[in-house]
There are 2 protein chains.
Amino acid sequence: MQQLDHTFAALADPTRRAILARLALGEATVGELAEPFEVSLPAISKHLKVLETADLIIREKRAQQRVCKLKPEALKTASDWIEQNRRMWEERFDRLDAYLRELQSRETDNGNG
Amino acid sequence: MQQLDHTFAALADPTRRAILARLALGEATVGELAEPFEVSLPAISKHLKVLETADLIIREKRAQQRVCKLKPEALKTASDWIEQNRRMWEERFDRLDAYLRELQSRETDNGNG
DNA sequence: CTTGCATTTAACCGACTGGTTATTTAACTT
DNA sequence: AAGTTAAATAACCAGTCGGTTAAATGCAAG
């Protein structure tokens with residue numbers, strides 16, 4: 001799924017994750033978002049475009065500023081993928097674990113009998 | 001956190017996600033993993049290295065083959081980050097929603113009084 | 001010890017990334 | 001209309017990515 005590509009790629013950058021964390025505290029303008037970072041404004045603008053393409057945020061005009069807000073739905077897609085797979089993985093490991101325990105107990109039985 | 005960078009970057013590629021999904025069904029050799037894809041073996045080998053660096057899989061020698069297995073712990077790191085943030089985001093949106101509802105009801109009260 | 005198989009490494013390629021500075025666009029202020 | 005402010009775009013750069021083919025490695029079996 002191409003949506004997942006974009007979401008995970010967007011989340012793979014620490015600056016972008018920090019921007020998202022900041023936005024979780026409330027909407028902010030591009031300038032406000034850029035302020036804590038030591039990179040240029042165009043760099044932040046590019047990060048915001050990546051986040052917007054990944055559907056993680058929206059930017060809306062407000063006078064001469066652009067206000068950024070989170071869009072929580074997209075994160076759910078990624079979260080769902082991970083959780084679904086994690087469940088599969090762990091089931092698999094649980095089965096393996098049970099199998100190994102069974103082997104173990106059989107050997108013990110043989111050893112004792 | 002650098003671990004998150006690697007994990008999300010690894011998950012951002014559809015071939016790598018497919019490999020993980022395959023491995024959820026059980027361990028597999030490099031050749032077995034490569035078989036369903038239309039790319040060369042070295043390409044798969046590189047993907048596996050990315051997954052290994054991200055700590056999502058381990059490769060162990062078995063005769064002249066390398067057997068790949070999932071390592072579920074790393075996925076938890078990513079899952080935790082997403083879930084934690086998702087909760088923050090949604091709380092934020094819940095608060096905003098409550099606030100807007102309150103505004104609405106006040107205006108209604110004023111209009112009626 | 002040579003042959004064969006499974007996989008990795010090397011060298012290379014075009015496309016993309018994250019950064020820069022300089023320029024342009026858009027909207028408010030005077 | 002001219003100036004100021006906020007942000008985006010353009011053009012560029014070094015580095016990484018995902019892919020290739022060809023060569024090297026590791027191991028088992030004759």
Side-chain angles (χ1 to χ4, degrees), chain A residues 1-23 26-71 78, chain B residues 1-23 26-71 78:
Chain A
M1 195 195 199
Q2 208 167 334
Q3 170 72 8
L4 271 183
D5 294 16
H6 291 144
T7 307
F8 283 132
L11 293 178
D13 184 280
T15 302
R16 288 195 290 264
R17 287 198 306 275
I19 289 175
L20 291 176
R22 163 67 186 81
L23 284 176
E27 61 179 40
T29 67
V30 176
E32 287 168 348
L33 288 174
E35 199 267 326
F37 300 102
E38 287 186 341
V39 298
S40 65
L41 236 120
I44 297 295
S45 191
K46 283 187 185 182
H47 281 306
L48 293 175
K49 178 168 280 178
V50 172
L51 289 171
E52 196 175 32
T53 301
D55 226 49
L56 287 163
I57 67 167
I58 49 171
R59 281 184 286 187
E60 62 186 35
K61 285 192 193 176
R62 186 124 91 218
Q64 67 270 66
Q65 299 173 328
R66 301 294 204 294
V67 176
C68 304
K69 304 180 188 187
L70 290 178
K71 233 179 129 178
Chain B
M1 197 194 197
Q2 207 168 334
Q3 170 73 9
L4 272 183
D5 294 17
H6 290 142
T7 307
F8 283 131
L11 294 177
D13 184 278
T15 303
R16 287 194 291 263
R17 287 199 306 274
I19 289 175
L20 291 177
R22 163 66 188 81
L23 285 177
E27 60 179 40
T29 67
V30 176
E32 289 168 348
L33 288 174
E35 199 267 324
F37 300 103
E38 286 185 342
V39 298
S40 64
L41 237 122
I44 298 295
S45 192
K46 283 188 186 182
H47 281 307
L48 292 175
K49 180 169 279 180
V50 172
L51 290 170
E52 196 175 33
T53 301
D55 226 47
L56 287 162
I57 67 168
I58 49 172
R59 281 184 285 187
E60 62 186 36
K61 286 192 193 176
R62 186 125 90 216
Q64 65 272 65
Q65 299 174 327
R66 300 294 160 69
V67 176
C68 304
K69 304 181 186 183
L70 291 177
K71 234 179 128 177

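The sequence lines fix the lettering, A, B, ..., with proteins before strands; numbering per chain opens at 1.
- Within 4.0 Å of A:Ala43, counting heavy atoms only, lies at least one base atom of the nucleic acid.
- A:Gln65 and A:Thr29 make their closest contact through OE1-CG2, 3.7 Å (heavy atoms, listed as atom of the first residue, atom of the second, distance).
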Return all side-chain donor-acceptor pairs below 3.5 angstrom for residues 49-59 of chain B, not counting sequence neighbours, or 'none' if the list is empty.
| unit_1 | atom_1 | unit_2 | atom_2 | d |
| --- | --- | --- | --- | --- |
| B:Glu52 | OE1 | B:Arg59 | NE | 3.2 |
| B:Glu52 | OE1 | B:Arg59 | NH2 | 2.7 |
| B:Thr53 | OG1 | B:Lys49 | O | 2.9 |
| B:Asp55 | OD1 | B:Lys71 | NZ | 3.2 |
| B:Asp55 | OD2 | B:Lys71 | NZ | 3.2 |

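- When each of B:Ile19, B:Thr15, B:Leu41 is tested with B:Leu33 by the rule side-chain contact (heavy atoms from CB on, under 4.5 Å), just one qualifies, namely B:Ile19.
- Inter-residue side-chain proximity for B:Arg22 and B:Glu35 is flagged as unmet; no heavy-atom pair is nearer than 4.5 Å.
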Query - Base-contact (B) and sugar-phosphate-only (S) positions in nucleotides 5-15 of chain D, heavy-atom cut-off under 4.0 Å, - elsewhere - result: -SSSB-B----
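- Between A:His47 and the phosphate of C:dG19, there is a side-chain N or O to OP1/OP2 separation shorter than 4.0 Å.
- A sub-4.0 Å separation between OP1 or OP2 of D:dG19 and a side-chain N or O of B:Ser40 is absent.
- Going from atom CG of B:Leu51 over to atom P of D:dG18 covers 10 Å, rounded to whole Å.
- Computed from coordinates, the A:Glu60 CD to C:dA27 P distance equals 14 Å when rounded to whole Å.
- Side-chain N/O atoms of B:Lys61 include one lying less than 4.0 angstrom from OP1 or OP2 on D:dC27.
- Within the 4.5 Å cutoff, the side chain of A:Glu60 has no heavy atoms near those of the A:Glu27 side chain.
- Residue contacts for A:Arg16: at a heavy-atom cut-off of 4.0 Å it reaches the sugar-phosphate backbone alone, with no base atom in range.
- For A:Asp13, the side-chain atoms get nearest to C:dG18 when compared with the rest of D:dG26, D:dT20, C:dG18.
- Looking at every heavy atom in both residues, B:Cys68 comes nearest to B:Leu23 through O-CD2, 3.5 Å.
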